[in-house]
Engineer: 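What follows is a single structure, and I will ask about it in a moment.
We count ligands from 1, going down the list as the structure has it; atoms in each ligand are counted the same way.
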Amino acid sequence: MTVSHILGYPRIGARRELKTATEAYWKGEIDLATLEQTAKTLRAEHWQAQSEAGLDFVSVGDFAFYDQVLNVSVLLGAVPERFNAAAEVEQGSVTLDTAFRMARGRAPSGEPAAACEMTKYFDTNYHYLVPELHEDQTFRLACHRLFDEVAEAQAGGFAPKVALTGPLTWLWLGKEKGSEFDRLALLDGVLDVYAQVLTRLGEQGVKWAQLNEPALVQDLPAEWQQAFERAYHRLQAAPVKLLLATYFGGLGDNLSLAARLPVAGLHVDAVRAPGELDHVADRLGPHQVLSAGVIDGRNVWRADLAALRERLQPLKARLGDRLWLSPSCSLLHVPVDVSAETDLDAELKSWLAFARQKLDETVALARLLGGRATAGDEQRLADATRALDARRESARIHQPAVATRLAVVSETDSRRAAPYAGRARAQREALSLPLYPTTTIGSFPQTGDIRAARRAHRSGELDTEDYEARMRREIAYAVERQEALGLDVLVHGEAERNDMVEYFGEQLGGFAFTRLGWVQSYGSRCVKPPVIFGDVTRPAPMTVRWSEYAQSLTDRPMKGMLTGPVTILQWSFVRDDQPREITCRQIALALRDEVVDLERAGIKAIQIDEPALREGLPLRRAEWQAYLGWAVESFRLSSSGVADATQIHTHMCYSEFNDIIGAIAALDADVITIETSRSDMELLDAFKDFDYPNEIGPGVYDIHSPNLPDIDWMVALMEKAAERIPAERLWVNPDCGLKTRRWEEVEPALANMVKAAKTLRERA
Ligand code: GLN
Ligand code: ZN
C-alpha cells in the first residue's frame, strides 16, 4: 500500500467560521468557552474530512487561532517580557489571551503591549509572528494545547500525525532582540523542549511527528547546515518517528544533508522541484520513508492523476511501502472547497481543486499507485484526464491574438524613447511643478458610505448608473479637498475600487473570481485571490473614464492610477500551464493599453503600483536575477508606450531596497514613492550609493498611525533626504495610500505636509 497524508489543512473554516468567532471574542461578543468550542468543532470537521477522504493520518498541530509559528513560540515559552506572562510560562500554561496579545497587542484580558513583528512566511502571502530571541534566553514547555488536541483527535477515533514547525526553522525565522548574537547559541535550549514535547507525544501514543523545516530550501550558512545534523541527532532518541518536511522549493545544495539526517522519513516538494525525487530516493537509507509532495499545495489546479501515476510508478517499484504521497506543502495556502462555489461555471470548476478536493486526489493517487484502486478511483482519474484535456484545448484559455502580440514584442517596446534626463525636461514643461512637488499615493478614505454603496450595487439595490454617480461624487469631493489643501499632483482617490487587484481582475479577460475562495493571510484576515486561468486581455478601458472625469474637475495634473503586472500576478492564483513570466507579460501588455489610453485621454502622470515586486523574489538567491529580469521587463512593457512628457510613477510600500536597488533603478520610472518615514530616511542611502538617477518621493509620514505628523519633523526628514538625493529630484508625499484613514485625520495631516513642502521651498 501507499500511505497518503497531508502536511496541514486550512484552519479558517469553509465559511471563515474561525475568523467570525475570533473577532467576536476580541470584541467581547462571545466568551472564551464559545470560541474554544468553535475551534473544536472546526478541528473535528477537518479531521473528519481527512478521515473520510481515506488519508492514513489526520493532521494535528496545524490548527492555530492566529499563527502556527506563534504556537511554537508559546509552546517553548518564548514569550517576551513585556507581556508579563512569566508566571504562565513557569506553570506551563500560557493562555490564549497572552498569545493574542503577542499577535495583536491586546486581548480581552491582560495589559496591552506592543505586538510582535509580523512578516511573510517564505514566499507566501501568509504572515507569521516573528519569534523574539534574546541572548541567554531559556526555554521551557509552556503550553499543553498541542497535547490536548492530540487527545481530542484520539477521542474522536482518528490517528494523528503531529505537525510542528521544526527547531531550526523556528530559530531561522526568529530575530535577535537587544544585542546581536548567534541565534544558534539558543539551539540546545530549544531542543530540550522539543525533546520533551516529542516524549509527551510518544506517551500519548502518537506514532509520527512531522517537523516542518522549509528553511532547508533556502541558502543556508555552513553553521546552520551543521546545526541541522546536531539537532536531528539529538532528537533521534525521541519515542516517535520523525518526518522531516521541506517545501516551497528544492533542497538543492542541502539535499545530501537532508537525506542523511537520522529521521524516519523525509518529505520533499515534488511540485516545485520534480527533478529531485529520484536523487533523494538514491540517498535515503533502507528504512527511510520518502514522502513525495506531488499535489500542488500552493495552487488551485486539478491534478493530472494519470500523468502522476505514470511518473511515480518507477519510484513506487523502487521504494514499495516506503513511498508516501501528499500535497507539496500544507493546504493552508489554498481555499477550502471548490464544491461550495455556486457562481463559477461548471467547466471552470472542473479544472480546479481546493483543499478538500486535494485530499481526494492524494488518496486516489496513492491507491492507484498501490494497486488497490477502487472503481471510484479509476473514475476520478478518468474525470481528471477528461477535464484537463478539455482545459488544454479550451478556447477560453487561448487567445491567439495575445500570443501573436507577445511574439512580436521587441526590446524597444520596453524602453522609453528618451533617457530620464530628457524626459524630465519634457515633463517639467508639461506639468509645471514647483520644487518639492506634493502628491499622495492614490487612495483617499474608503468611507462607510462608499462601502455601503458598493454593497448595495452588488446586491442589486443600487443600479450601475446610480452607483457610478455616487462614485463620481466621491471623486469630486476628493479633488475639491486636494485643491483646497494645495497639493500639486492630484489623484482621483480610488473610491470605485474594492481592492487593488480584484478591481482590475474583474475587468480583464482570463480572470475568474470565487465566492468563498478565502485563504488566511494573517490572524483572522483572509484574502480571496483571483484565478488567472487564460490568456489575459483587456476588452475595454478600465480606469480611463474615472481619471478623465477627475481631470475635468481641475487644472492641476491628475495622476492616473494602476496596479502593476507583477503585483497582479503575485496576488493571484496563476495558471500552471505556462511559465509565470509569460502570464506576467500578458498582464503587462493589457496594462500598456490602459496606460496609452490614459495618456490619450489627457492624463499627464500615471502611477503603476508594484507593492509586491519584492515579495516575488525566489527563495534562492541564484534565481533572483531571472525573476527580476522578467519582472522589470514586465513593468517597463506596461509603462513604455507613452511620450517622454508623460510622467510614469510607481509606488512600493516597503523599506528594504538594498539588495534590489539595481532592479528598482532598471524600472526606469520617472518617480518612485516609497516607505521611509519609519526608517529616518536612512534607507535612501541605498539609493544614494547606487546613484539612483530618477525622482523619489520618500514617504514623510506613516499612514498606519493615526497621529498627526508634525510640520518641522517632516521638514527635517526631507532635509535629511536632500543630503542623499538632490532636491530637484525629491517629492513630498505620505508613505502609502490613505484608504484606511478617516478624512478628519487625512486633511490636517496633508495640510501639514503641504506646509512642510512650502517651508522647504522657501529654504531652498
Ligand atoms: N494606490 C494604492 C493606494 O493608494 C497603493 C496601495 C499599496 O501600496 N498597497 O491605496
Ligand atoms: Zn503602499
Engineer: Among all the protein's non-hydrogen atoms, which is closest to atom 4 (O) of ligand 1, and how far away is it?
Structural biologist: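 Here the closest protein heavy atom is Ser443 N, 2.9 Å.
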Engineer: Without hydrogens or angle criteria, can the side chains of Ser414 and Glu633 be said to hold a donor-acceptor pair below 3.5 Å?
Structural biologist: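 There is no such pair (donor and acceptor under 3.5 Å, judged by atom type) between the side chains of Ser414 and Glu633.
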Engineer: Can you find a heavy atom in the side chain of Tyr627 that is under 4.5 Å from one in the side chain of Glu623?
Structural biologist: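 A side-chain contact is absent here, since even the closest heavy-atom pair is not under 4.5 Å.
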Engineer: Measure up the Tyr121 and His333 rings against each other and bin them: parallel (under 30°), tilted (30 to 60°), perpendicular (over 60°).
Structural biologist: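 Tyr121 and His333: parallel rings.
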Engineer: Give me the nearest non-hydrogen protein atom to atom 9 (N) of ligand 1 as residue plus atom name, then the distance to 0.1 Å.
Structural biologist: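 Here the nearest protein heavy atom works out to Met500 SD, 3.5 Å.
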Engineer: Salt bridge (Lys or Arg N to Asp or Glu O under 4.0 Å), that's the test. Do Asp670 and Arg416 meet it? Break it down for me.
Structural biologist: CA-CA 10 Å; Asp670 298 302; Arg416 301 284 297 273; 2.9 Å; yes
Engineer: Within a distance under 4.0 Å of any heavy atom of Met561, pick out the atoms of ligand 1 and give their elements.
Structural biologist: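 Within the 4.0 Å cut-off of Met561, ligand 1 contributes 1 (N).
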Engineer: For Ile441, is at least one N or O under 3.5 Å away from an N or O on ligand 1?
Structural biologist: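 In this structure, Ile441 places an N or O atom under 3.5 Å from an N or O of ligand 1.
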Engineer: Are Phe100 and Trp26 close enough that their ring centres sit under 6.0 Å apart?
Structural biologist: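 Ring centroids of Phe100 and Trp26 are less than 6.0 Å from each other.
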Engineer: Within a distance under 4.0 Å of any heavy atom of Gly442, pick out the atoms of ligand 1 and give their elements.
Structural biologist: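 Near Gly442, the atoms of ligand 1 are 4 (O).
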Engineer: Just which atoms of ligand 1 are under 4.0 Å from any heavy atom in Gly737?
Structural biologist: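 So the atoms of ligand 1 that pass are 3 (C), 4 (O), 10 (O).
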Engineer: Are Tyr477 and Trp743, when compared by the centres of their aromatic rings, separated by less than 6.0 Å?
Structural biologist: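 Yes; Trp743 has its ring centre under 6.0 Å from that of Tyr477.
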Engineer: Any salt bridge between Lys120 and Glu615, counting N to O under 4.0 Å?
Structural biologist: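 Yes, Lys120 and Glu615 are salt-bridged.
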Engineer: If you measure from the Lys or Arg side-chain nitrogens to the Asp or Glu carboxylate oxygens, is any gap between Arg481 and Glu747 under 4.0 Å?
Structural biologist: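 Glu747 and Arg481: salt-bridged.
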Engineer: State the atoms of ligand 1, each with its element, that fall below the 4.0 Å cut-off from a heavy-atom position in Cys653.
Structural biologist: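 That gives atoms 7 (C), 8 (O), 9 (N) of ligand 1.
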Engineer: Any idea which atoms of ligand 1 are less than 4.0 Å away from a heavy-atom of His651?
Structural biologist: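 Going through ligand 1 atom by atom, the ones under 4.0 Å from His651 are 8 (O).
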Engineer: Taking only residues at least two apart or on different chains, which pairs with a member in residues 524-553 satisfy salt bridge (Lys or Arg N to Asp or Glu O under 4.0 Å)?
Structural biologist: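 Every pair satisfying salt bridge (Lys or Arg N to Asp or Glu O under 4.0 Å) with a residue in residues 524-553: Glu468-Arg545, Asp535-Arg575, Arg538-Glu594, Arg538-Asp597.
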Engineer: Quick one: does Trp713's side chain get under 4.5 Å of Tyr701's, heavy atoms only?
Structural biologist: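 Of all side-chain heavy-atom pairs linking Tyr701 with Trp713, at least one is under 4.5 Å.
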Engineer: Enumerate the atoms of ligand 1 whose separation from the nearest heavy atom of Cys736 is less than 4.0 angstrom.
Structural biologist: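 This gives 7 (C), 8 (O) as the contact atoms.
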Engineer: Quick one: name the protein N/O/S atoms under 2.8 Å from the Zn ion (ligand 2), chain by chain.
Structural biologist: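 You should have found His651 NE2, Cys653 SG, Cys736 SG.
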Engineer: Is Asp609 close to ligand 1, meaning an N/O of one under 3.5 Å from an N/O of the other?
Structural biologist: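 Among all N and O atoms of Asp609, at least one is under 3.5 Å from an N or O of ligand 1.
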Engineer: Say whether Glu494, considering both its backbone and side-chain N or O atoms, lies within less than 3.5 Å of an N or O atom on ligand 1.
Structural biologist: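 So ligand 1 has an N or O lying under 3.5 Å from an N or O of Glu494.
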Engineer: Do Tyr467 and Arg454 meet the criterion of a side-chain donor-acceptor pair at a distance under 3.5 Å?
Structural biologist: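 Distance-only check passes for Tyr467 and Arg454.
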